[in-house]
Amino acid sequence: MRPFESPVPLQIDYAQELNPQQHAAVSAAPGPALVIAGAGSGKTRTLTYRVAFLVEHGIPARQILLLTFTNKAAKEMMRRVNDLLGADLRDLWGGTFHSIGARCLRLHAERLGFRRDFTILDREDSRDLVKACLGEPEFETTDKLFPKPDALVDLFSLAVNKYASLSEAIACDYPQFIALTSRLEELLRHFRARKQAANVMDFDDLQIKWLRLLTDFPDVLEGFQQRFQFILVDEYQDTNTIQARLIDLLAAKHKNLMVVGDDSQSIYSWRGANFRNIIDFPKRYPSAKVYKIETNYRSTPEILELANAAIAPNREQFEKKLASARKSGARPAVVPCNDAGIQAAFVAQRIMDLHEEGAPLSQMAVLYRSHFHVMELQLELTRRQIPFLITSGLRFFEQAHIKDLTAFLKLVANRSDEIAFKRLVLLLPGVGAKAAARLWTSFLAQTQVLLDGKDSAARPKKPIATCLQKSAATVPKKTATAWAQFVATMAQIEDLQAQPSEMIRIIIDAFYGDYLEENFDNYRQRAEDVEQLGIFAHQFQDLEVFLTQLSLMSTAETEEQEKNKGEEDRVRLTTIHQAKGLEYDVVFVLMLCDGLFPSTRSLDSSDGEEEERRLFYVAITRARNELYLSYPLLRFTQSQGEASQIPSRFLMELPAGLYEEWNLRQTNFGSY
DNA sequence: GTTAGGGACGCCGGT
DNA sequence: CGTCCCTAAC
């Protein structure tokens with residue numbers, strides 16, 4: 001394809017609104033391009049303008065595919081393009097690899113032996129299903145060392161994400177299970193068969209089956225290649241092997257592929273991300289143009305210098321030098337504290353001081369390596385009544401009560417969903433694992449009674465409630481009342497023809513409200529959450545779309561809902577992983593002790609330390625104006641009680657001139 | 001034979 | 001804070 005010639009006068013003055021490096025990338029000629037965009041250099045801005053640039057040059061929105069790390073990022077970019085151009089971007093496909101995968105798979109599920117109304121399993125669901133497989137007679141074991149369902153799910157997932165066979169994954173990452181390889185392979189076969197029978201896909205299936213769809217069905221591949229003439233990928237450094245192959249296949253025809261990333265911010269190798277994808281991109285695409293964007297608009301020179309020094313020990317990276325465009329500010333502070341309690345007190349006090357000087361709480365963030373590092377601080381903030389917003393380990397919709405509710409909807413959408421079914425009947429008093437399994441068998445038989453005979457497609461589906469009714473023989477006596485209530489609820493919601501918010505209303509009124517009240521002390525809080533879910537559901541007319549969205553929404557996105565609850569000014573508490581792409585005026589990084597950050601478990605592999613260092617780099621570069629790096633000298637541990645801590649090796653690596661060491665004892669220790 | 005409740009232990013990260 | 005295992009109760 002020839003370089004872009006503007007057929008019409010352009011609305012946007014690109015050279016004016018972008019710096020020269022950004023402008024070069026945005027106006028790149030068609031063909032493969034790699035954009036190395038350092039932290040805070042306007043990566044999102046560059047991608048946004050690139051989309052606008054394409055649209056202005058007459059590329060129809062439906063021919064553009066935009067793959068991002070979160071759905072929120074995709075939405076945000078499309079909104080910004082819309083603001084820039086006023087163009088209609090509804091036809092532009094933008095989202096995460098998982099959500100775009102789900103979309104493609106829905107179009108062609110039959111080719112892979114699934115129906116297009118498949119539902120999506122989260123990690124817990126997968127674990128439940130693996131557990132169910134382990135309950136089959138052939139897998140019964142008394143071996144205490146046999147891997148737990150959690151470990152099995154991890155193992156199966158890692159194999160997929162590394163695009164390796166199970167035996168390769170075992171040999172490479174779980175050598176302790178080598179002797180079990182053939183049994184585990186058999187188990188995996190069962191697990192897969194059961195997923196297919198239940199018409200469900202887990203997160204990994206949304207990638208691997210999408211890839212299979214493209215490799216096994218040339219006509220399908222051809223269709224997508226034809227459609228997606230321009231492909232843009234954000235956060236390319238965090239793609240795994242499958243995702244890189246997906247992109248390569250989709251772009252193979254037109255080769256109009258622009259990938260954007262920062263090799264220094266690759267922090268997801270533990271879930272299969274392959275950092276070689278970005279390093280080797282120029283080798284895979286010899287004609288690729290490489291653009292570097294190296295001006296940082298976010299951080300003060302002091303913070304940026306510290307960041308550059310922090311990442312310097314890493315061997316493998318693209319040569320680049322980030323320079324700050326900002327005026328000088330305060331040097332970052334390194335703050336040793338006696339213990340985690342003092343550390344929490346220090347952070348809380350500092351937050352209060354800054355807030356009194358006029359800094360909004362919402363512009364401050366506390367970052368940490370692992371969720372449990374923040375416990376003491378939560379207590380301290382609560383004690384001092386400093387409002388905070390925490391992105392905890394559990395996402396909103398992974399909470400039991402939210403999952404209970406969605407299980408109703410999932411079963412309506414996909415009556416083969418064994419996992420949803422069992423979850424629901426387990427809510428009933430007197431029903432445990434055994435009764436649930438019996439009920440499922442009998443329910444399954446009932447749903448299939450109508451399938452014999454001819455032309456099942458033309459026949460109206462037998463209502464779920466009727467199938468349940470006919471399974472009632474296997475219900476324990478004391479469950480009878482609850483069972484009737486359950487069946488009645490199901491009868492009501494399946495009449496509604498895909499009105500998610502209506503369904504939720506009925507489930508709460510007819511069944512789940514009572515259940516919450518009987519089973520939980522904090523039922524009010526939980527009831528409020530499910531109400532919230534009902535409100536969120538208002539935006540959706542279509543049940544499948546709603547469920548897909550819900551399954552694939554990240555923590556950050558669910559918080560959008562939370563935010564609407566109160567406009568209160570709050571400090572942000574988050575893991576570094578979840579803070580990716582975000583920025584704050586003031587950043588605190590906690591628990592910089594060797595063994596916690598870098599974490600011991602990451603140091604098994606030689607690449608582990610480099611990845612932890614990149615994580616440290618990501619943490620530092622979230623800060624605009626002020627940065628505090630703290631660690632406790634003593635820490636209470638499970639095994640040894642009070643143990644003295646060694647400061648993180650990442651702190652030791654920093655040249656002393658780049659930070660200021662605070663001594664809480666000498667200064668105003670009393671107030672901390 | 002099952003289910004329900006209580007106590008002990010262990011924790012990296014997330015679509 | 002949540003999962004697992006054990007034991008009491010049905």
Side-chain angles (χ1 to χ4, degrees), chain A residues 67-74 95-102 120-128 131 144 148-151 153-154 157-158 160-161 201-208 210 235 238-240 242-243 266-273 367-375 378 390-395 397-400 425-438 474 476-479 519 522 548-558 574-580 591 595-604 608 611-612 614-615 618-619 637-639:
Chain A
L67 291 159
T68 56
F69 200 70
T70 63
N71 287 305
K72 186 185 169 194
T96 59
F97 278 92
H98 291 87
S99 62
I100 301 292
I120 296 170
L121 299 185
D122 69 14
R123 216 197 121 84
E124 191 197 2
D125 298 330
S126 300
R127 198 194 53 196
D128 290 348
K131 233 188 238 167
K144 287 263 181 214
K148 302 273 174 290
D150 260 320
V153 170
D154 277 346
S157 177
L158 191 72
V160 174
N161 283 300
M201 295 202 198
D202 60 26
F203 290 137
D204 301 329
D205 291 328
L206 296 178
Q207 310 290 264
I208 193 73
W210 183 17
E235 310 278 13
D238 283 320
T239 52
N240 64 26
I242 298 177
Q243 292 162 339
S266 169
I267 54 176
Y268 281 96
S269 73
W270 49 272
R271 70 174 206 210
L367 310 185
Y368 35 86
R369 175 69 180 86
S370 314
H371 290 295
F372 71 93
H373 295 169
V374 79
M375 272 175 35
Q378 280 188 73
I390 183 165
T391 49
S392 68
L394 262 197
R395 290 182 293 173
F397 54 88
E398 278 171 348
Q399 300 175 87
V425 295
L426 280 167
L427 296 176
L428 306 171
V431 176
K434 299 283 173 175
R438 273 201 309 274
T474 38
K477 277 200 197 73
K478 65 173 178 180
T479 311
N519 289 280
N522 63 346
T548 306
Q549 186 97 357
L550 211 55
S551 302
L552 300 179
M553 215 162 36
S554 69
T555 333
E557 293 152 62
T558 33
T574 173
T575 62
I576 301 164
H577 282 96
Q578 289 181 331
K580 184 179 190 183
M591 292 288 183
L596 291 181
F597 192 4
S599 86
T600 328
R601 292 186 53 177
S602 66
L603 297 176
D604 307 341
E611 175 145 317
E612 293 285 296
R614 292 193 291 269
L615 193 60
V618 168
T637 60
Q638 301 262 337
S639 46

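Note that these values count all heavy atoms, side chains included, but never hydrogens, waters or copies made by symmetry. In what follows, chains carry the letters A, B, and so on, assigned in the order in which the sequence lines appear, proteins first and then strands, with residues in each chain numbered from 1.
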Query raised in the report: Considering residues at least two apart in sequence or located in another chain, which fulfil the salt bridge (charged side-chain N to carboxylate O under 4.0 Å, His left out) criterion with A:Arg123?
Result: A:Asp150, A:Asp154

Report summary line: Atom CG of A:Leu603 and atom P of B:dG13 are separated, to the nearest Å, by 15 Å

Requested in this report: Please identify each residue that fulfils side-chain contact (heavy atoms from CB on, under 4.5 Å) with A:Leu158, with sequence neighbours left out.
Outcome: A:Lys162, A:Asp173, A:Tyr174

Report task. Using a cut-off of strictly less than 4.0 Å, decide whether A:Thr70 has a side-chain nitrogen or oxygen near OP1 or OP2 of B:dT15. Result -> no

Report task. Please state how far atom NE2 in A:His371 lies from atom P in B:dG13, giving the value in whole angstrom units. Result -> 4 Å

Query raised in the report: Who are the salt bridge (charged side-chain N to carboxylate O under 4.0 Å, His left out) partners of A:Asp204, not counting sequence neighbours?
Result: none

Report summary line: Rounded to whole Å, the CD-C1' distance (A:Glu235 to B:dG14) equals 14 Å

Could you list, one pair per line, each protein nitrogen or oxygen that sits under 3.5 Å from a nitrogen or oxygen of nucleotides 3-7 of chain B, together with the distance?
unit_1, atom_1, unit_2, atom_2, d
B:dT3, OP1, A:Gly432, N, 2.6
B:dT3, OP1, A:Gly432, O, 3.4
B:dT3, OP1, A:Ala435, N, 3.2
B:dT3, OP2, A:Ala433, N, 3.4
B:dT3, OP2, A:Lys434, N, 3.4
B:dT3, O5', A:Gly432, N, 3.4
B:dA4, OP1, A:Gly430, N, 2.6

**Report entry** Nearest-nucleotide pick for A:Arg127, side chain only, options being B:dG14, B:dC11, C:dT3
**Finding:** C:dT3

Report summary line: With the side chain defined as heavy atoms from C-beta on, A:Lys148 is closest, among B:dG13, C:dC5, B:dT15, to C:dC5

Query raised in the report: Reckon A:Arg601 has a side-chain N or O less than 4.0 Å from the OP1 or OP2 of B:dC12?
Result: yes

Query raised in the report: Between atom CH2 in A:Trp270 and atom P in B:dG14, what is the gap in whole Å?
Result: 6 Å

Query - Residue list, side chain to side chain donor-acceptor pair (under 3.5 Å) with A:Thr479, at least two apart or on another chain - result: none

Query - Among B:dG14, B:dT15, B:dG13, the one nearest A:Tyr268 by side-chain distance - result: B:dG14

Report task. Output yes when at least one side-chain N/O atom of A:Gln578 is less than 4.0 Å from OP1 or OP2 of B:dG14, else no. Result -> yes

Requested in this report: Report the distance from atom CE of A:Met553 to atom P of B:dT15, rounded to the nearest whole Å.
Outcome: 11 Å

Query raised in the report: Given atom CH2 of A:Trp210 and atom C1' of B:dT15, what is their separation to the nearest angstrom?
Result: 13 Å

Query raised in the report: Do the non-hydrogen side-chain atoms of A:Thr575 and A:Leu367 ever get within less than 4.5 Å of each other?
Result: no

Report task. Measure the distance from CD1 on A:Ile242 to P on B:dT15 and round it to the nearest whole Å. Result -> 17 Å

Query - Euclidean distance, atom CD1 of residue A:Ile576 to atom C1' of B:dC12 [Å, nearest integer] - result: 11 Å

Report summary line: Residues at least two apart in sequence or cross-chain that pass salt bridge (charged side-chain N to carboxylate O under 4.0 Å, His left out) with A:Arg438, listed by chain then number, are none

Report task. For A:Tyr268 and A:Asp238, work out which heavy atoms get closest and say how close. Result -> N-OD1, 3.4 Å

